[in-house]
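Below is one structure, written out as C-alpha cells; the observations come after it.
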Amino acid sequence: MGETVDDGACGEWQRVPEEIAQRLGDVPGAAYEVPDEVTCALEGGHQGNHTAVLQGWGDDEVWLLWTVPRTVVAPGCRADGLTCLLPNGHTGRHHVLLADVVEDDGPYWVADRAELDARLTRG
C-alpha cells in the first residue's frame, strides 16, 4: 500500500480474501469497488477485532473484521446525527466527516457532537 498518514486511526492492514472480494464485487446497487487491501479504521489502541468497510448498499455496509478475516453486515454509525466513518456500535471515539459543507471536512476523532461543536468553534 502507499504511504500512510497518521490520523490517529489504527492503520493495521489486511489483504481482503479473494473469495470475499469476489462475493462483494457484483452486488446490485453497490456503493464501492472492493479493495485488495484495507487498513483498520478504528482508533489506534482499540481492543478486539480490526475493522474496515468493504462494501455498502442502502443503509447497510459490509465490514471486514479480523484477527481471522470475516465479514459482518451492519449500518454505519450515525450516533448524535454524526456522519461517523465506523460501523454502528464501534468501540472508542467517532471518526466524523462533515459532509454538509461545500467540501468534505475532517475526519475528526470525537466522543460526541458536543466535542465536535467545541472543536469547530475553536477553529
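Computed from a prediction, not measured in an experiment: that's the story for all the values here. Note: hydrogens, waters and symmetry copies are ignored here, and every other heavy atom, side chains too, is used.
At distances below 3.5 Å, at least one donor-acceptor pair connects side-chain atoms of R113 with backbone N or O atoms of G81. Remark: the backbone N or O of C84 is paired with a side-chain donor or acceptor of R78 at under 3.5 angstrom. In this structure a side-chain-to-backbone donor-acceptor pair under 3.5 Å is missing from E61 to Q55. D80 places no side-chain N or O within donor-acceptor distance of the main-chain N or O of L82, the cut-off being under 3.5 Å. Although no hydrogens or angles enter the test, the distance criterion places a donor-acceptor pair under 3.5 Å between the side chain of W63 and the main chain of A74.
Residues L65 and T71 form no side-chain contact, since every pair of their non-hydrogen atoms from C-beta on lies 4.5 Å or further apart. The shortest side-chain heavy-atom distance between C10 and H50 falls under the 4.5 Å cut-off. Here the side chains of W57 and V62 are in contact, with some heavy-atom distance below 4.5 Å. Between Y108 and E115 the shortest side-chain heavy-atom distance does not fall below 4.5 Å. Annotation: side chain of W13 is not in contact with side chain of C40 (no heavy-atom distance under 4.5 Å). For the pair V34/Q22, no side-chain contact is recorded, criterion being any heavy-atom separation below 4.5 Å from C-beta on. Looking only at side-chain heavy atoms (C-beta outward), T51 and P87 come within less than 4.5 Å of each other. When side chains are defined from C-beta on, L54 counts as touching V16, because their heavy atoms get closer than 4.5 Å.
V72 is not connected to V27 by any chain of hydrophobic side-chain contacts under 4.5 Å among Ile, Leu, Val, Met, Phe, Trp and Tyr, and they are in different clusters. Both L24 and W66 belong to a common hydrophobic cluster when Ile, Leu, Val, Met, Phe, Trp and Tyr are linked at side-chain heavy-atom distances under 4.5 angstrom. Taken together through direct or relayed side-chain contacts under 4.5 Å among Ile, Leu, Val, Met, Phe, Trp and Tyr, V73 and V53 form parts of separate hydrophobic clusters. Tracing side-chain contacts under 4.5 Å through hydrophobic residues (I, L, V, M, F, W, Y), one reaches I20 starting from V38; they form part of the same cluster.
Heavy-atom minimum distance, L85 versus P107: CD1-CB, 3.8 Å. In plain terms, the two heavy atoms of N49 and R70 that are nearest each other are ND2-NH2, 3.3 Å. Taking both residues in full, the closest heavy atoms of C77 and H90 are given as SG-NE2, 3.6 Å, listed atom of the first, atom of the second, then distance.
Heavy atoms from other residues, nucleotides or ligands lying under 6.0 Å from CD of E19 number more than 12.
Rounded to the nearest 0.5 angstrom, H94 NE2 and W109 CH2 are separated by 10.5 Å. Here T67 contributes atom OG1 and E12 contributes atom CD; the two are 9.0 Å apart, rounded to the nearest 0.5 Å.
For the side chain to side chain contact (heavy atoms under 4.5 Å, CB included) test, residues two or more places apart in sequence or in another chain that qualify with N88 are P75. For R15, the side-chain hydrogen bond (donor to acceptor under 3.5 Å, both in side chains) test picks out E37, with sequence neighbours left out.
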